[in-house]
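Within every chain, numbering begins at 1; the chains are lettered A, B, ... in the order of the sequence lines, protein sequences first and strands thereafter.
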2 protein chains.
Amino acid sequence: MPGPDQHNPRGEADLIWLRPERVRRERPSLSRDEITRTAIDLADRDGLEAVSIRRIAAALGAGANSLYWYISSKDDLYELMADEVIGEIALPDPPSGDWRADLRAIAHNTQETFSRHRWFVLLGIQPGLGPKTRRYGQVAMACLDNLHLDLNTKINMLAALNNYLFGFAHRETAWADLQKRTGLTEQQWNDRLRGMIDHAAHQDTELAEHMTARLQLPGEEPFEFGLTCLLEGIAALTNRSPTPRPS
Amino acid sequence: MPGPDQHNPRGEADLIWLRPERVRRERPSLSRDEITRTAIDLADRDGLEAVSIRRIAAALGAGANSLYWYISSKDDLYELMADEVIGEIALPDPPSGDWRADLRAIAHNTQETFSRHRWFVLLGIQPGLGPKTRRYGQVAMACLDNLHLDLNTKINMLAALNNYLFGFAHRETAWADLQKRTGLTEQQWNDRLRGMIDHAAHQDTELAEHMTARLQLPGEEPFEFGLTCLLEGIAALTNRSPTPRPS
DNA sequence: TTGACAACCCGTACATCGTACATCTAACGT
DNA sequence: ACGTTAGATGTACGATGTACGGGTTGTCAA
């Protein structure tokens, strides 16, 4: 990484979504799509840190720097990957009309997709303006339609939900990485953790309790619990007044 | 990064928190603390990607690889940084007794600390078993004490809250990074975004609305909104401390 | 048919990274 | 006095992202 680079001499906001994909003439053997899919496969199999320009190129049978014709930086690639992942989330389209059920479904599908691509939350990228992301936002919005709320409130609701989903996914990812970092299988890792807790319990009950707490954090039940809290809270706020104010 | 490395031939779960800091004899000029603080300062000033072993060493006036005596890998360093950041969060200790107010305070302080160290959520590390993190968990637990819930429920509540906080911080960080990536000042960036929205509104009103929505996501008001939702939902689920409001 | 120009691809090169390893120095236990 | 070890360093290796310049092929005007 040769220096920060001023990166934008002309002051253009250079988002990939505002640039058209280069038109396919005849020769091109690559495309943004292929590149993105290959990158995602690599990340799924070997983790995000295994995603390198060279490796993608190699997997595509292309030269090392060929990709730079289609993307202008690795961050661009990340943005493409993010949008693609968002696109994998199954959506209730059209919404059923029951906003709570719809949001719950979206939440579950999102969680499921995130856990198939655990690296997602490590991209450090807010899914931006890509087409798949926009569709996601659009459908989520539509789920709230017959509540007749103002735009601002709807946005806040969905943001809260998404924040929760991101946070949960982050925790899961971090746990998985921690386990991987030790080089143990999941079984070995769990056994060892239990052992550590038992051992700690003898000299430091507080530590043992703390570890127990952390141990059970990822999983179905805590996810459901938090999700229910959020939806319940949203419902409470909408029943009250059109513009809820924090106490 | 020379290969994955099996990393743990003997199958030891090698967490930094289970190893004592090397005892200080006389000569040592470095310490985990100094290293951690230097790393944090670097990250605050120049971003997480500017945190390299060599740069930290240079900043400490030490040789390139001296740090490896104190930490055994860069991931270890991340763990130390995370614990340190958690330690900066102001806590209501002892709790006031009003669990809602206490959790709200913790949430605000956490958010405030995270936004001073935006790189935190990019560590890809779940704050683990470090002393500061344990204290955080301990105090948060104590806030729920006089609700007399079972351990499991309390853990789920705090997890939900923390997930939300992580998610929100992630969004803020991602936005800030996006802006930085364009190389524009915040002012320029906002102007440009507004311009893009206005421009988009002519040909694609849906896109314009979508961008508007995203534009306002980080900020005080959405944070407060989601936080209130969560606390309200928690209250509803415990049907302790009932929300006295017939719609 | 020819030539110019663009689209596309790739090889080389550079700065930088994490860290394994061998080695040096100075304090310590005996 | 002397070996042992804690602490610090230098060198080296395999990677990485990407700037750059030159190649190759297709398209289109003349």
Side-chain angles (χ1 to χ4, degrees), chain A residues 1-9 14 16 19-32 34-35 39 42-43 46-79 81 123-124 181 183, chain B residues 1-9 14 16 19-35 38-39 42-43 46-79 81 123-124 181 183:
Chain A
M1 277 161 282
D5 284 38
Q6 67 286 5
H7 220 262
N8 223 330
D14 170 40
I16 192 172
R19 284 193 314 270
E21 177 163 12
R22 337 259 347 186
V23 276
R24 181 165 199 130
R25 290 232 298 230
E26 274 309 310
R27 265 200 314 117
S29 60
L30 270 43
S31 72
R32 277 189 187 171
E34 284 174 288
I35 295 174
L42 256 171
D46 303 320
L48 186 58
E49 78 281 1
V51 175
S52 82
I53 301 284
R54 285 173 230 256
R55 256 199 279 262
I56 297 171
L60 287 168
N65 276 3
S66 312
L67 309 192
Y68 279 106
W69 185 256
Y70 299 92
I71 59 174
S72 70
S73 78
K74 208 185 179 188
D75 284 326
D76 265 14
L77 176 61
Y78 285 162
E79 206 113 15
M81 291 170 77
L123 289 182
R181 208 142 30 96
Chain B
M1 279 162 282
D5 281 38
Q6 67 286 4
H7 219 261
N8 224 329
D14 170 41
I16 193 172
R19 285 192 313 270
E21 179 164 11
R22 335 259 344 188
V23 275
R24 181 161 201 132
R25 292 228 301 228
E26 274 308 312
R27 261 200 316 117
S29 61
L30 270 45
S31 73
R32 278 188 186 171
D33 250 36
E34 284 173 289
I35 295 174
T38 311
L42 255 171
D46 302 321
L48 187 58
E49 79 281 0
V51 175
S52 82
I53 301 285
R54 287 173 227 257
R55 256 198 280 261
I56 297 170
L60 286 167
N65 277 3
S66 312
L67 311 191
Y68 279 106
W69 186 255
Y70 299 90
I71 60 174
S72 70
S73 76
K74 207 186 179 186
D75 284 326
D76 265 13
L77 176 62
Y78 285 161
E79 207 114 14
M81 291 169 77
L123 288 182
R181 208 141 34 90

Please tabulate the protein-to-nucleotide N/O contacts below 3.5 Å involving nucleotides 21-24 of chain C, giving atom names and distances.
none

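- Within residues 50-60 of chain B, the residues approached by DNA chain D to less than 4.0 Å at the level of any non-hydrogen atom are B/Arg54, in residue-number order.
- Between the CD atom of B/Glu49 and the C1' atom of C/dA15 there is a distance of 15 Å, rounded to whole Å.
- Considering every non-hydrogen atom in both B/Ala59 and B/Thr38, the closest pair reads CB-CG2, 3.7 Å.
- Nucleotide D/dG22 holds its P atom 20 Å from the OH atom of A/Tyr68, rounded to whole Å.
- Annotation for A/Ala57 and A/Ala64: closest pair CB-O, 3.8 Å, computed over non-hydrogen atoms.
- Here the shortest heavy-atom pairing between A/Glu49 and A/Arg55 reads O-NH2, 4.1 Å.
- For the pair B/Leu67 CG and D/dG10 P, the computed distance is 13 Å after rounding to whole Å.
- Residue A/Met81 holds its CE atom at 12.0 Å from CD1 of A/Ile35, rounded to the nearest 0.5 Å.
- One can place NZ of A/Lys74 at 18 Å from P of C/dT16, the figure rounded to the nearest angstrom.
- Rounded to whole Å, atom P of D/dT16 lies 13 Å from atom CG of A/Leu48.
- In this structure, B/Ile56 CD1 and B/Lys74 NZ are separated by 7.0 Å, a value rounded to the nearest 0.5 Å.
- Using a 4.0 Å heavy-atom criterion, one finds that B/Ala62 contacts the sugar-phosphate atoms exclusively.
- In terms of heavy-atom proximity, A/Ala62 sits nearest to A/Ser66 at CB-OG, 4.1 Å.
- In this structure, CG in B/Asp33 is found 12.0 Å from OH in B/Tyr70, a value given to the nearest 0.5 Å.
- One interatomic measurement links the two molecules: CD1 of B/Ile35 to P of D/dG7, which rounds to 12 Å at whole-angstrom precision.
- Inter-residue side-chain proximity for A/Leu77 and A/Leu67 is flagged as unmet; no heavy-atom pair is nearer than 4.5 Å.
- Comparing atom distances between the B/Tyr70 side chain and each of D/dA8, D/dT18, C/dC9 picks out D/dA8 as nearest.
- The side chain of B/Trp69 lies closest to D/dA6, out of D/dA6, C/dC10, D/dT18.
- Residue B/Asp76 holds its CG atom at 10.0 Å from OH of B/Tyr68, rounded to the nearest 0.5 Å.
- Closest approach to the B/Ser66 side chain among D/dT9, C/dC10, D/dT18 is made by D/dT9 (side chain taken as heavy atoms from C-beta onward).
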